[in-house]
S.K.: 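Provided herewith is a single structure, encoded as structure tokens, for subsequent inquiry.
Numbers here simply count residues along the sequence, with the first being 1. Computed from a predicted structure; not experimentally measured.
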Amino acid sequence: MTLDPAFSSAISSDRNVLNMFYDTLVRQDADGEFVPALAEDWEQDGDTLRFFLREGVTFHDGTDFDAEAAVANLTRVMDPENGNTKAAALAKVEEVTAEGEHILELTLSEPDPILLVNLAHEAGMMASPSSLEADSLDREPVGTGPFTLSSWRSNVNLVAEANPDYWRTDDEGEALPRLGQVTFDFVTDPSTLRANLSAGQVDMVRVLPPEEYLQLEENPQVTFEDTGVRRSYYISINQEEGVFENPQAREALSLAVDREGIGEAAASGEYDISPSFATEFDWFFDESIQVPEHDPERAAELIEEAGLEGEEVSILVRRRDPDPTIAELVQSELNQTGLSASVEVLEFESLLDQMNEGDYDAAVMVIDVPRLDPSLTFDPYLVTGAPNNWGGISSDELDDLLAEGTRIEGESERAEIYSEVQRSIGDNNDLVFLHQPTAPLIHDVDLQGLVFNVDGQWRLDEAWFES
């Protein structure tokens with residue numbers, strides 16, 4: 001984990017923490033609307049995007065936030081040479097300039113329908129220029145956010161204190177944040193998290209598997225809040241070599257898996273079924289796209305027609321419940337088609353190493369959805385050569401669709417593009433989508449005022465305890 005937003009990679013967990021220390025130029029509400037933050041207003045004039053920055057804001061170290069500070073932050077993100085993970089977010093920004101103490105201008109090379117999305121999150125988080133020069137943000141976040149870092153013990157806990165000079169106020173003009181201190185305990189065992197929450201030792205848990213959170217349903221001090229977050233399980237398939245290089249084998253895999261049965265067994269019945277990474281909450285969700293039917297007989301026919309009976313298939317899976325259970329169910333279903341499937345349970349780093357080397361047939365994977373934009377949902381997994389395109393998916397038609405999705409503006413026009421994308425990956429069985437366990441935010445009933453991002457991640461700047 002890093003506290004440098006330009007280098008963060010574990011989006012679903014890092015963003016909740018980064019929101020404590022950093023503000024962005026604009027915010028994106030849970031409904032997707034953009035609202036002022038460090039920028040009070042903004043305007044588009046041709047290829048120029050102009051921000052009018054808020055005055056009187058200071059970083060945690062006392063430095064004034066101004067246009068020059070914003071230029072330093074965005075220029076750093078735009079520089080791919082420093083190895084940051086957010087450079088692609090500003091790829092269509094040609095130049096960033098300060099046109100006055102509190103006026104920031106971005107010159108674009110072409111229209112970018114998701115630029116504000118990126119500026120509302122990690123790529124647009126503002127840090128003190130002195131921290132940028134010291135290159136110390138990974139352990140010492142110095143932003144303008146509602147909290148300051150008090151202590152951090154890696155893999156143990158992180159303690160944040162209220163920023164007494166925070167610039168935001170609530171609707172009544174009262175100072176924010178309301179909480180004096182926030183402690184993040186890094187606990188990975190789900191049963192321990194559930195027990196701590198039940199005992200009142202923890203006030204909020206980001207995610208628990210259904211078999212754990214269902215045990216809390218009768219606890220009057222605990223409440224569940226469905227923010228639309230889902231864990232989307234899918235199977236990554238090696239198309240470049242091995243059994244699944246054959247399209248019939250990929251179709252057989254899609255028909256063989258019993259999505260409902262897997263959801264019942266691995267998610268205690270608390271799940272949705274979707275034909276892609278999209279959730280029913282996403283504006284680009286297309287209900288006309290059907291989930292493949294469970295048809296083991298046709299799957300077996302396809303394997304026989306392809307002459308693949310008896311061929312060995314290895315399924316990689318992460319050593320974390322319930323993932324091995326899912327892999328074992330897929331193994332059983334593949335064996336019924338005539339293939340000879342086995343499961344290899346690995347630590348996450350080892351699993352990724354094998355996949356990056358192309359040394360696998362299939363792998364049970366999971367991502368948290370929804371994400372901030374469909375391009376951020378699909379591109380990393382489908383664009384030719386993309387970092388998470390482990391299976392070697394490569395299609396000029398698909399690449400063109402995905403590129404068009406990041407060029408055209410207008411939600412309805414983009415929704416049509418991403419419907420085509422989803423149909424394409426379904427028709428070609430590029431990935432096999434399984435189930436989406438629900439992942440409600442679970443917290444003490446007295447904890448009020450939680451604010452959510454469009455992707456369901458939370459902010460604590462307005463949170464407070466009722467009692």
Side-chain angles (χ1 to χ4, degrees), residues 231-267 269 271-277 289-319 321-346 351 354-355 358-367 381-382 389-395 422-437:
R231 310 211 73 204
S232 185
Y233 277 93
Y234 70 102
I235 302 175
S236 173
I237 310 167
N238 189 342
Q239 299 187 14
E240 296 187 299
E241 60 181 47
V243 170
F244 294 116
E245 187 177 5
N246 189 316
Q248 287 180 293
R250 297 198 297 274
E251 183 181 358
L253 172 58
S254 181
L255 295 173
V257 292
D258 180 3
R259 293 163 176 81
E260 298 283 354
I262 290 173
E264 292 294 330
Y271 65 93
D272 298 329
I273 296 292
S274 174
S276 78
F277 288 134
I289 301 176
Q290 299 299 305
V291 176
E293 291 186 8
H294 179 217
D295 191 345
E297 292 183 0
R298 178 55 185 157
E301 290 174 359
L302 286 166
I303 293 301
E304 183 179 7
E305 291 170 9
L308 295 172
E309 290 175 295
E311 290 290 328
E312 295 185 357
V313 171
S314 176
I315 304 169
L316 304 186
V317 66
R318 182 178 182 177
R319 192 186 306 278
D321 289 338
D323 298 22
T325 297
I326 297 170
E328 289 164 5
L329 291 169
V330 173
Q331 174 194 18
S332 175
E333 290 157 349
L334 277 181
N335 284 337
Q336 294 176 41
T337 70
L339 293 173
S340 177
S342 60
V343 172
E344 187 175 0
V345 183
L346 300 170
L351 182 148
Q354 282 195 219
M355 294 180 71
D359 183 19
Y360 80 109
D361 296 310
V364 173
M365 303 294 285
V366 60
I367 70 170
Y381 302 88
L382 300 174
N389 184 353
W390 298 288
I393 300 166
S394 184
S395 161
Q422 293 170 80
R423 289 186 189 281
S424 173
I425 57 180
D427 290 345
N428 295 307
N429 298 295
D430 291 318
L431 300 170
V432 171
F433 299 95
L434 300 176
H435 66 301
Q436 297 181 347

S.K.: Compute the centroid of each ring, for Tyr271 and then for Tyr233, and state whether the two points are separated by less than 6.0 Å.
M.R.: no

S.K.: Identify the heavy atoms of Arg250 and Phe244 that sit nearest to each other, and give their distance.
M.R.: NH1-O, 2.8 Å

S.K.: Walk me through whether Ile326 and Val317 qualify under side-chain contact (heavy atoms from CB on, under 4.5 Å).
M.R.: CA-CA 9 Å; Ile326 297 170; Val317 66; over 6 Å; no

S.K.: Of all heavy-atom pairs between Ser274 and Gln436, which one has the smallest distance, and what is that distance?
M.R.: CB-NE2, 3.5 Å

S.K.: Take atom CD of Glu264 as the centre, draw a 6.0 Å sphere, and report whether it contains more than 12 heavy atoms from other residues, nucleotides or ligands.
M.R.: yes

S.K.: Please determine whether the number of non-hydrogen atoms from other residues, nucleotides or ligands lying under 6.0 Å from atom CD of Glu309 exceeds 12.
M.R.: yes

S.K.: Show the nearest heavy-atom pair for residues Ile235 and Ala362, with the distance to one decimal.
M.R.: CG2-CB, 3.8 Å

S.K.: Can you tell me how far the CD1 atom of Ile393 sits from the OG atom of Ser424, to the nearest 0.5 Å?
M.R.: 9.5 Å

S.K.: Taking all non-hydrogen atoms of both residues, which atom of Val343 and which atom of Ala327 are closest, and how far apart?
M.R.: CG2-O, 3.6 Å

S.K.: Step through the shown structure and confirm whether more than 12 heavy atoms of other residues, nucleotides or ligands are within 6.0 Å of CD on Glu305.
M.R.: yes

S.K.: Could you go through Met355 and Met365, starting from their C-alpha distance and side-chain angles, then the distance that decides it, and tell me whether this counts as side-chain contact (heavy atoms from CB on, under 4.5 Å)?
M.R.: CA-CA 11 Å; Met355 294 180 71; Met365 303 294 285; 3.8 Å; yes

S.K.: Measure across Ala249 and Val243 and return the closest heavy-atom pair with its distance rounded to 0.1 Å.
M.R.: CB-O, 3.5 Å

S.K.: When you compare the side chain of Ser332 with that of Gln336, does any pair of heavy atoms fall below 4.5 Å?
M.R.: yes

S.K.: Might you work through the side-chain contact (heavy atoms from CB on, under 4.5 Å) test for Val432 and Ile237, ending with a clear yes or no?
M.R.: CA-CA 8 Å; Val432 171; Ile237 310 167; 3.7 Å; yes

S.K.: Taking atom NE2 of His435 and atom CD1 of Ile262, what is their separation to the nearest 0.5 Å?
M.R.: 7.5 Å

S.K.: Rounded at 0.5 Å granularity, tell me how far CG in Leu255 sits from CD1 in Ile303.
M.R.: 10.0 Å

S.K.: Please check this pair: side chain of Thr337 against backbone of Leu334, looking for a donor-acceptor N/O pair closer than 3.5 Å.
M.R.: yes

S.K.: Roughly how far apart are Tyr381 OH and Ile425 CD1, rounded to 0.5 Å?
M.R.: 12.0 Å

S.K.: My understanding is that only one of Asn429, Asp430, Asn389 makes a side-chain contact (heavy atoms from CB on, under 4.5 Å) with Gln239; could you say which?
M.R.: Asp430

S.K.: Identify the heavy atoms of Pro275 and Phe433 that sit nearest to each other, and give their distance.
M.R.: O-CD1, 3.2 Å

S.K.: Let me confirm one number: the CG-CD distance from Asp361 to Glu311, rounded to the nearest 0.5 Å.
M.R.: 10.0 Å

S.K.: Could you check whether Glu333 pairs with Arg259 (Lys NZ or Arg NE/NH1/NH2 to Asp/Glu carboxylate O, under 4.0 Å)?
M.R.: no

S.K.: Quick one: CG on Leu351 to CZ on Arg319, what's the gap to the nearest 0.5 Å?
M.R.: 11.0 Å

S.K.: Do we see a donor-acceptor contact under 3.5 Å between the side chains of Ser276 and Arg423?
M.R.: no

